[in-house]
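Structure record follows, encoded as structure tokens.
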Amino acid sequence: MSEFYRFPAMARLGWFTNNEQAIHIIGEAEEAMSAQNYMDYGSGSGDREADRTAYGMELMDVIHAAETALRMEFDDDEVAELRDAVEAKNRKRGYYDER
């Protein structure tokens, strides 16, 4: 079992096509953006901590949806290679705080 994933695998990965799952990721990202806007602009529940928690949960939904998409297409070894490649690319771009 891969140590990459944070969430359990979905019971039925074959319910969606890769395209449908990618669209689902976009939907989850839109929900995260809405929750963040509620938090920043005070149009949410009026409870800053509750709005902040809702935002965090929406971000976790994005991660969960992306993990599901990875599981649908790639095996654990490929996921590890992809993660390493993305980290190397971002390190080269100077995105990490490596003081």
Distance col, row R6:CZ vs I63:CD1, nearest 0.5 angstrom, shows 8.0 Å

Q: Walk me through it: do I26 and E30 pass the test side chain to side chain contact (heavy atoms under 4.5 Å, CB included)?
A: CA-CA 6 Å; I26 292 168; E30 288 171 344; 3.8 Å; yes

ring-ring contact (aromatic ring centres under 6.0 Å, His included) filter on H24, not counting sequence neighbours, yields none

Value for CD (Q21) from CZ (R71), rounded to nearest 0.5 Å, stands at 11.5 Å

For residues 86-96, the salt bridge (charged side-chain N to carboxylate O under 4.0 Å, His left out) pairs (sequence neighbours left out) are R83-E87, E87-R91, R91-E98

Taking M72 as the starting point, is it possible to reach L70 by hopping between hydrophobic residues whose side chains are less than 4.5 Å apart?
no

Check: Would D84 and E81 count as a side chain to side chain contact (heavy atoms under 4.5 Å, CB included) if you check the C-alpha gap in whole Å, the side-chain angles of each, and the deciding distance to 0.1 Å?
Finding: CA-CA 5 Å; D84 291 346; E81 291 170 7; 5.8 Å; no

What one should report as the nearest heavy-atom pair of D97 and R99 is OD1-NE, 2.6 Å

- request: Check for a donor-acceptor pair, side chain of E28 on one end and backbone N or O of I25 on the other, with a separation under 3.5 Å.
  value: no

One should read off an interatomic distance between M33 CE and Y55 OH, to the nearest 0.5 angstrom, of 9.5 Å

Going through the checks in order, is the side chain to side chain contact (heavy atoms under 4.5 Å, CB included) test met by D47 and D51?
CA-CA 6 Å; D47 178 344; D51 292 342; 5.6 Å; no

F4 vs D76, side chain to side chain contact (heavy atoms under 4.5 Å, CB included): CA-CA, chis, key distance, verdict: CA-CA 8 Å; F4 174 80; D76 287 351; over 6 Å; no

Minimal heavy-atom distance between A32 and V62, with the atoms involved, is CB-CG2, 4.3 Å

OG1 (T68) and NE2 (H64) are apart, to the nearest 0.5 Å, by 4.5 Å

Common cluster, L82/Y5, ILVMFWY with side-chain heavy-atom separation under 4.5 Å = yes

CD (E67) and CE (M60) are apart, to the nearest 0.5 Å, by 9.5 Å

